[in-house]
Engineer: 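Have a look at this one before I ask anything.
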Amino acid sequence: MKIFKRDIWKLYYTIVVLSLIFFFIISYALWNQKISAYKDRQETYAISTAYYIENLFSQYETILDIVGKNILNHNLTPQQEKKMLDQMLLLNPTLAGVGLFKPDGTPYLATSNIDVKKIPNLLQTKKTREGFLDALESDRMVVGRTYYLEALKSLVIPIRKALYDKKGDVVAVIASGISLSKKNQFIHSLLGANKIFILRDKDNYLQFYDFEEYLYRKPVGKRALADIFQIMEQVYAKPLRELKNSEAVISVTCTSYITGKLSYSSYKYIKRYKEWIVVTTPLTIIRAEYLNQELILLAIYILILFIIYYLIGVIDRNEMQKQRTLKEQAIRDSLTSLYNRYYIEEKIKNFKSKYTLFFIDLDGFKSINDSFGHEYGDKVLQIIAARLMSLAKKEEHRDIIRYSGDEFILITEFMSDDSIGVCAKGILHAISGEFVIDEFKFVLGASIGVARYPYDGKNFDEVKRYADLAMYKAKEMKNSFVIFHEAIKEKYLRSAMMERELKMALSRGEISMVYQPQVYIDGKIYGVEALVRWNNETLGFVPPDEFIAIAEITGLIKDIGRFIISKVLEDVYEIQQAAKKEFHLSINISAKQFSQHDFLSCIIGKVTASQIKTELISLEITETVFIEDKKHVIAILEDIKKQGMKISLDDFGTGYSSMNILRNLPIDELKIDKSFIDDIVEEKDTRQIVHSIIIIAKSLGLQVVAEGVENMEQKEILESFGCDIYQGYLFAKPMKKEELVEKLIKNKGIFLSTLKNSMLNFEI
Ligand code: C2E
Ligand code: CA
Ligand code: CA
């Protein structure tokens, strides 16, 4: 059934084939029925006709017998005899005349309508000799060949019967003839219809067929008749003799020896008079009759087929229309009516020619959605879609697709860098035009990445991915476009590889921790910042800021973050034990890590389980954690503080936040970013900024840590501003656990490389 659903015409062809078979079966049955009807009819005719003819002949036999015996047995005078014969003729007008013959063939008495003298000797006349002899030898009436009797102007069937005396010797032969003139109504009504005739078995002459004299002059074709008898024997599987003896009706299809046409004939043999009664119908007549019915059947059949054809056509057209609409719906985006990604994926599959793909991502669309709601977001997309559509329509073979959300793809012919520039600027221009929805004015930008097939990628997915990467590059500048080039690809491939490798980094033990001391102004250790390290066999040393970003995107940060927390708590406890010194521990927490729902319980669990005093632990967070849900973040920070831990705001000064926000945040420490420290000696402005940061932080009761202190000048300036804690290469680089233990013991907890000796001396 499924196959028909897929192609309904197959159902039609199946119907045609099956109905054709059915039609042939019906036609064949119809033909058989026709033949069988003819068989029944013809056989009934043959039986009844044979019955009548036999009766008729036996009636004549009886008459001849009675009259003949009367004449012989009553010594009558010749006049009386003649009178008797005449009376007989009078009573039987169908008889042509009656005569009596001596056994030697000489005539001696005849009815008045015949002159005895003119009658020849029947034994000596060639025509009559055989019949006469037959009559002499038979105790039955013998029927002779039909001939034309000029005197009567009519066909006559001669009949003769031998008359015997008491001893059984033939004394005379009485002869007569059955007139076949039109007066003989009985014969006419019986045989009048052309299709019945009587055939003599003895000599194959027609006994009666029609009123034409020539028919009776010679026997019917011997060969043709032999053929028919042979067919009979085959069909009935009996020898002819047996068939004749049984007097059964025999029906066969054969070539008529009279008309030469193929006919359906029924034969019935009359044993007593050796005559065949034949009923026959030319096949052409049966066929014509059959064809009349067959034509009606055919007409009905064709009509039904046509109706089915028409209905299936209607169903098929509807189905195709439905499928077209479904297909159209499937490849169209319902909001903008642009093609969707399924369309492009389908189309591009068969796309062999070169093309250029523009990956367009709207700038700032998210904020429209967030601040005005999705209703406005949808309208904005519709407007932008319409603009892009009209842009695409200007040139042939350009498709614009809404790929997802606020991402669109434009496919054009293959373009040079210059043409791409013109086209991309056109797109940016079209998008950045101001538009008004209700009373609100909007101005949007877009970032476009462009890649070309087969120049940049060897299939659509690759080209799209590279255009996407180029778009991310463009995003850094906003409202601009970037054409994909190798460097972008390399960066992408490196991060793809990094992603692959990072997945296995933990299990392979590639992740380790180092610790960078944080010191007071005199170099005495305040604490350490734990910093993660990743050494990979293929990638080598990967800087933490690079792989942490990837771990955040891929979600691997969850496991890595947990590992770091457990590891540093364990390490630092060991260090403290080994060096017999307690100090602070700062752990970096990434924004993604922070937003995990189980972060709080995890950190509290691990910290309370460790043997390090909670008040010695600070979590370093950056301003980015506040981007998401500030209230929620503050609540978590407060929970952390309740446990006794401290919060440190890392990289301060690089983000968007002002000093003002510090007031509301539950933090304990501020880490001034290295970029400020770098310029503090050279730039007065920076110096002033750092100074004010320290003043405000102090006024808020926050501890200040300076990061990346590399030289004495930096240290002295910071010292003069009243900075609390220092971290940087000037004091110590990040180091392994063992090294830190060693140094702590050796330097007695003091890190101040350049001043080492004097400081130590001073202490001593
Ligand atoms: P950060 O938190 O600002 O860490 C300080 C970075 O400055 C460290 O780089 C440190 O080695 C470097 N540094 C310290 N003193 C000096 C100096 O005098 N000169 C110079 N040139 N550099 C100095 P590092 O270890 O490469 O870490 C880079 C960043 O990766 C970190 O910046 C932090 O954002 C992230 N990170 C490192 N470890 C972890 C971690 O365990 N967890 C998380 N979430 N992030 C981490
Ligand atoms: Ca840090
Ligand atoms: Ca930092």
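In each ligand, atom 1 is the first atom listed, and ligand 1 is the first ligand listed.
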Engineer: With heavy atoms of Leu531 as the reference, note each atom of ligand 1 found under 4.0 Å away.
Structural biologist: 4 (O), 8 (C), 10 (C), 11 (O), 25 (O), 37 (C), 38 (N)
Engineer: Heavy-atom distances under 4.0 Å decide this one: backbone, side chain, both or neither, for Ile557 against ligand 1?
Structural biologist: neither
Engineer: Give the contacting part of Ser590 toward ligand 1: side chain, backbone, both or neither, where contact means a heavy-atom distance below 4.0 Å.
Structural biologist: both
Engineer: Taking NZ, NE, NH1 and NH2 as the nitrogens, is one of them in Lys646 or Asp668 under 4.0 Å from a carboxylate oxygen of the other?
Structural biologist: no
Engineer: Identify each donor-acceptor pair in which a side-chain atom of residues 372-383 lies under 3.5 Å from a protein atom, sequence neighbours left out, and give them as a table.
Structural biologist:
residue	atom	partner	partner atom	Å
Tyr376	OH	Asp438	OD2	2.4
Gln382	NE2	Leu335	O	3.1

Engineer: Is the number of heavy atoms from other residues, nucleotides or ligands under 6.0 Å of Glu682 CD greater than 12?
Structural biologist: no
Engineer: Given Glu707, Gln727, Glu620, Glu552, identify the one with the heavy atom nearest to atom 1 (P) of ligand 1.
Structural biologist: Glu707
Engineer: Would Gly728 count as being in polar contact with ligand 1, using the rule that some N or O on each side must be under 3.5 angstrom apart?
Structural biologist: no
Engineer: Please step through salt bridge (charged side-chain N to carboxylate O under 4.0 Å, His left out) for the pair Arg508 and Glu537, ending with a clear verdict.
Structural biologist: CA-CA 10 Å; Arg508 285 188 194 145; Glu537 208 178 348; over 6 Å; no
Engineer: Identify, by atom number and element, the atoms of ligand 1 in contact range of Asp651, meaning under 4.0 Å from any of its heavy atoms.
Structural biologist: 3 (O)
Engineer: Would you call Lys613-Glu615 a salt bridge at under 4.0 Å N-O?
Structural biologist: no
Engineer: To 10 degrees, how wide is the angle OD2 (Asp650) to the Ca ion (ligand 2) to OE2 (Glu529)?
Structural biologist: 170°
Engineer: Please determine whether a side-chain nitrogen of the Lys or Arg among Asp639 and Lys642 lies less than 4.0 Å from a carboxylate oxygen of the Asp or Glu.
Structural biologist: yes
Engineer: Got a salt bridge between Arg494 and Glu546, using NZ or NE/NH1/NH2 to carboxylate O under 4.0 Å?
Structural biologist: yes
Engineer: Hey, is Lys733 one of the residues with a heavy atom under 4.0 angstrom from ligand 1?
Structural biologist: no
Engineer: Would you mind telling me if ligand 1 is within reach of the side chain of Lys671, the backbone, both or neither, using heavy atoms under 4.0 Å?
Structural biologist: neither
Engineer: Tell me which N, O or S atom of Glu620 sits nearest to the Ca ion (ligand 2).
Structural biologist: OE1
Engineer: What part of Ile564, side chain, backbone, both or neither, has a heavy atom within less than 4.0 angstrom of ligand 1?
Structural biologist: side chain
Engineer: Minimum heavy-atom separation for Ile677 and Gly708, please, with both atom names.
Structural biologist: CG2-O, 3.8 Å
Engineer: Ligand 1 versus Gln518, non-hydrogen atoms closer than 4.0 Å: side chain, backbone, both, neither?
Structural biologist: neither
Engineer: Pick one of side chain, backbone, both or neither for how Val709 approaches ligand 1, counting any non-hydrogen atom pair under 4.0 Å.
Structural biologist: backbone
Engineer: Quick check: does Asn588 have an N/O/S atom under 3.0 Å of the Ca ion (ligand 2)?
Structural biologist: yes
Engineer: Looking at Lys478 and Asp363, does any basic side-chain N land under 4.0 Å from a carboxylate oxygen?
Structural biologist: no
Engineer: Suppose I only count heavy atoms of Glu529 and a 4.0 Å limit; which atoms of ligand 1 are within that range?
Structural biologist: 2 (O), 4 (O)
Engineer: Side-chain donor-acceptor pairs under 3.5 Å in residues 559-566, sequence neighbours left out?
Structural biologist:
residue	atom	partner	partner atom	Å
Arg562	NH2	Asp598	OD2	2.5
Ser566	OG	Arg562	O	3.0
Ser566	OG	Lys606	NZ	3.1

Engineer: Where does the angle between the aromatic ring planes of Tyr526 and Tyr520 fall among parallel (under 30°), tilted (30 to 60°) and perpendicular (over 60°)?
Structural biologist: perpendicular
Engineer: Report the part of Lys674 (side chain from C-beta onward, or backbone N, CA, C, O) that has a heavy atom under 4.0 Å from ligand 1; answer both or neither where that applies.
Structural biologist: side chain
Engineer: Would you call Asp461-Arg465 a salt bridge at under 4.0 Å N-O?
Structural biologist: no
Engineer: Number the atoms of ligand 1 from 1 as they appear, then name those within less than 4.0 Å of a heavy atom of Glu710, with their elements.
Structural biologist: 17 (C), 18 (O), 19 (N), 20 (C), 21 (N)
Engineer: Would you mind listing which atoms of ligand 1 come within a distance below 4.0 Å of any non-hydrogen atom of Pro734?
Structural biologist: 11 (O)
Engineer: Return the option from Asp545, Asp673, Ile511, Ile548 holding the heavy atom at the smallest distance from atom 28 (C) of ligand 1.
Structural biologist: Asp545
